[in-house]
2 protein chains.
Amino acid sequence: MESTFSDKQKIILDVAQQLFADQGFAGTSVRDIAREADVNIAMISYYFGSKEKLLEAIFKRHAEVVRLRLESIIHNAALSPVQKVEHLVDHYIEKYFSKQNFHRLIMREQLSTKESPIASMLAEMKTQNMNLIKQLIAEGQKKGNFRKNIDIPLMMATMLGTTNQLMTTQAFYRQVNNLQSMSDEDFLKHLRKKLSHHLKSLFKAILTHEAQNTK
Amino acid sequence: MESTFSDKQKIILDVAQQLFADQGFAGTSVRDIAREADVNIAMISYYFGSKEKLLEAIFKRHAEVVRLRLESIIHNAALSPVQKVEHLVDHYIEKYFSKQNFHRLIMREQLSTKESPIASMLAEMKTQNMNLIKQLIAEGQKKGNFRKNIDIPLMMATMLGTTNQLMTTQAFYRQVNNLQSMSDEDFLKHLRKKLSHHLKSLFKAILTHEAQNTK
DNA sequence: GTTTAATTCAAACGTTTGTTTAATTTTGTG
DNA sequence: CACAAAATTAAACAAACGTTTGAATTAAAC
């Protein structure tokens with residue numbers, strides 16, 4: 001990768017990522033970023049060309065990290081296919097919960113219908129991840145653990161979609177289940193556990209031959 | 001409901017809904033709306049107070065329609081609980097696919113973390129729908145069709161989340177499955193069918209005692 | 001027909017936006 | 001030190017934004 005950023009550039013990237021995540025891309029001005037990063041307004045254009053290309057740089061940096069982590073799970077010879085799927089679920093939940101706002105930002109960009117460098121970058125990233133998971137499924141089928149005719153994109157949609165949806169409506173989930181007395185931290189722990197179990201049992205039902213367990 | 005809009009107000013609401021859906025709220029200017037609706041810019045403030053209250057009015061109008069349709073399914077005495085769930089799935093898919101852009105708009109608003117009249121309105125809407133579905137699940141449990149200890153919010157998150165996710169990444173789904181030669185119409189039909197089957201078998205696995213069928 | 005209220009309009013208001021300029025300072029190199 | 005390149009700055013730019021104004025027009029009420 002040709003991505004070698006100076007310390008100052010990294011600060012701008014970090015600050016912008018946080019602000020974009022919290023307030024959205026349109027909702028964040030370059031002046032906000034400059035103020036928070038303690039640099040002159042002109043530095044953003046100077047270093048990155050434009051506000052939009054700054055976002056592009058942020059996503060590029062993120063994509064690299066995701067790909068590496070995913071590969072390390074898939075290629076871990078010590079794990080069975082079922083274990084890999086479970087690791088995948090837990091890893092994704094962990095990643096998503098620890099950077100909620102950033103994933104909100106990605107969601108927002110995906111919602112945009114317009115063709116853009118960013119949209120095509122996200123698509124490419126998705127394809128890479130999908131190919132890795134395809135390997136994993138194929139391995140499971142070869143070993144006889146998984147059934148044939150698995151619609152991987154649908155399965156992915158359920159994992160990502162359910163997690164996204166639950167995240168965006170977590171306050172609602174808390175209210176419905178009368179969990180207001182819990183601390184924020186405890187609630188998130190509880191939510192993650194529930195979601196993890198839910199997704200794993202769903203995937204067991206989709207992927208394997210046996211019915212999923214009741215708790 | 002006190003919502004009685006003049007013809008001109010309805011035109012503004014329709015046009016604004018379309019534009020907000022296509023370009024987002026921040027991405028649509030009141031000048032865009034005025035031009036498309038063929039009214040003076042000042043009319044939007046005059047009738048609705050502000051751009052934000054205009055969006056509020058659009059969501060209020062939408063919520064009413066959704067509630068009525070949901071009630072008609074839940075209270076249909078001719079259907080069994082399982083059938084009702086299947087109707088629910090198909091109805092939601094139908095609703096979502098026929099107004100994709102509008103649901104993208106709702107998603108975008110849900111992604112916003114800020115407290116706002118619109119956020120609380122969406123939350124209230126969600127609670128209403130949830131209570132209706134709770135009735136449906138309780139009916140199924142009483143009749144012995146559904147198992148106990150069903151996490152309804154999690155189930156809803158899977159339905160809404162999977163549909164949303166698949167919708168926002170449909171171009172990707174098409175590419176991965178080599179369906180570019182299909183017409184747009186045929187592809188959407190295909191996608192709906194796949195999604196419907198996927199969700200129904202997931203729900204069978206979640207709700208009932210038997211394992212779901214393979215195709 | 002007269003009066004009062006509701007509607008419509010072009011224009012302007014005051015901000016805020018992303019980006020650029022041109023001058024200045026800092027840094028690196030020989 | 002001297003010179004060139006890079007970095008940084010305050011200021012200005014033009015464009016777009018949501019909203020308001022005050023006059024002009026239409027509709028409604030009596």
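The figures here come from the full heavy-atom set of this structure, side chains too, leaving out hydrogens, waters and symmetry mates. Predicted, not measured: the structure shown is a model, and the values here were computed from it. Residue numbers begin at 1 in each chain, while the letters A, B, ... track the order of the sequences.
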Categorize A:Thr28 for me: base, sugar-phosphate, or nothing, with a 4.0 angstrom heavy-atom threshold over every strand shown. sugar-phosphate
A:Arg67 with A:Glu64: basic N within carboxylate O range, under 4.0 Å: yes
With B:His103, which of B:Phe20, B:Phe59, B:Tyr96 fulfils ring pair (Phe, Tyr, Trp, His ring centres under 6.0 Å)? B:Tyr96
Would you mind pulling out the nucleotide paired to D:dT19, Watson-Crick or G-U wobble, both distances under 3.5 Å? C:dA12
Let's see if you can work this out: which of C:dT19, D:dC17, C:dA10 has an atom nearest to the side-chain heavy atoms of B:Asn40? C:dA10
Quick check against the 3.5 Å criterion: does B:Thr168 have a side-chain atom that pairs as donor or acceptor with the backbone of A:Leu111? no
Would you indicate what B:Ile41 reaches in the nucleic acid, counting non-hydrogen atoms under 4.0 angstrom: base, sugar-phosphate, or nothing? base
In whole angstroms, how far is the C1' atom of C:dT7 from the CD atom of B:Gln9? 11 Å
Quick one: B:Arg35 CZ to D:dA16 C1', roughly how many Å, whole number? 12 Å
Would you mind telling me which residue lines up with the more 5' stretch of DNA chain D, A:Tyr46 or B:Ala42, judged by nearest nucleotide? A:Tyr46
Which whole-number value in Å describes the distance from B:Met43 CE to D:dT25 P? 16 Å
Measure from the side chain of A:Ser45, starting at C-beta and using heavy atoms only, and say which of D:dA7, C:dT17, C:dT19 lies closest. C:dT19
Keeping the roles fixed (side chain from B:Gln9, backbone from B:Ser6), state whether a donor-acceptor pair exists under 3.5 Å. yes
Selected nucleotide, minimal atom distance to B:Tyr47 side chain, candidates C:dT7, D:dT19, C:dT20: C:dT7
How close or far is atom P of C:dT8 from atom CG of B:Asp7, stated in whole angstroms? 11 Å
Provide, to the nearest angstrom, the distance between the CZ atom belonging to A:Arg31 and the P atom belonging to C:dT16. 10 Å
